[in-house]
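What follows is a set of notes on a single structure, which appears directly below.
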Amino acid sequence: GNSVTQMEGPVTLSEEAFLTINCTYTATGYPSLFWYVQYPGEGLQLLLKATKADDKGSNKGFEATYRKETTSFHLEKGSVQVSDSAVYFCALLNYGGSQGNLIFGKGTKLSVKP
Amino acid sequence: GAVVSQHPSWVICKSGTSVKIECRSLDFQATTMFWYRQFPKQSLMLMATSNEGSKATYEQGVEKDKFLINHASLTLSTLTVTSAHPEDSSFYICSAFYIAGAPLGETQYFGPGTRLLVL
């Protein structure tokens, strides 16, 4: 079946530190991969996505590369800010199922200290 | 743009009562909305797909008679938890499908969630 595994948090970093949040997946076929972010008190927001192998999704300084050989989609940012403090969810969508059948990881809480 | 709201944000009710949760797309029309459920420290689980003007499609293991979904307009979907019990206590999240500009393209926009506590 389809599943997503992401590193457990919480992750605590100092401002301007380098961020990596690991995400690996299990899926049949060729899924699309996503990173969502949930800021305190708000709904999930799509941060970036990649639809095929070797694609790099990027947005707001974050990036992730779809690695089929390692079934990974690790999230990275070169220099985090306090405003990046949030919960980050890795997800996959395997076409062939319903449009909404996003499979989510458990989420990783990031806290950035000034 | 592409804001999705939910109401109420939290609700406490007695066992046996019914609770209705609203999901609205505020600045766009959504023919398809989705309802998810999230347990503490767990990932979101899709419950059902709500289609405007037709019956919802439920995921395996979700009781459609217990979780009634109505999508009567292009901007509103409702989830009613009927005869709620303590095990229904959870965080319910809706989303709406929207086609945004680059680089995101087709995506789901999520509401802030509704926390339900059944006593």
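Below, chains carry the letters A, B, ... as their sequence lines are ordered, and counting in each starts from 1. In this text, all values refer to a predicted model and were calculated from it rather than measured experimentally.
Heavy-atom neighbours of chain B within the stretch residues 10-18 of chain A, taken at a separation under 4.5 angstrom, are nonexistent. Inspection of non-hydrogen atoms places B/Gly111, B/Pro112 of residues 111-119 of chain B under 4.5 Å from chain A.
If you measure heavy-atom distances from B/Gln38 to chain A, the contacts under 4.5 Å come from the side chain alone.
The hydrophobic clustering, which links ILVMFWY residues whose side-chain heavy atoms are closer than 4.5 Å, places B/Val4 and B/Met33 apart. By the criterion of side-chain heavy atoms lying less than 4.5 angstrom apart, applied directly or through intervening Ile, Leu, Val, Met, Phe, Trp or Tyr residues, A/Ile21 is grouped together with A/Leu92 in one hydrophobic cluster.
Ring pair A/Tyr36/B/Phe110 is perpendicular by interplanar angle, where above 60° counts as perpendicular and below 30° as parallel. Ring geometry for B/Phe67 against B/Tyr92 counts as tilted: the plane angle lies between 30° and 60°, on a 0 to 90° scale.
Centroid-to-centroid, the aromatic rings of A/Tyr88 and A/Phe62 come within less than 6.0 Å.
Taking the side chain as every heavy atom from C-beta outward, A/Leu102 and B/Gln108 approach each other to under 4.5 Å.
The pair B/Glu22-B/Arg24 meets the salt-bridge criterion, since a charged nitrogen lies less than 4.0 angstrom from a carboxylate oxygen. Salt bridge status for A/Asp54 with A/Lys68: absent, with no side-chain N to carboxylate O gap under 4.0 Å.
For CE of A/Met7, the number of neighbouring non-hydrogen atoms (other residues, nucleotides, ligands) closer than 6.0 Å is greater than 12.
The closest side-chain donor-acceptor pair between B/Ser77 and B/Trp35 falls under 3.5 angstrom.
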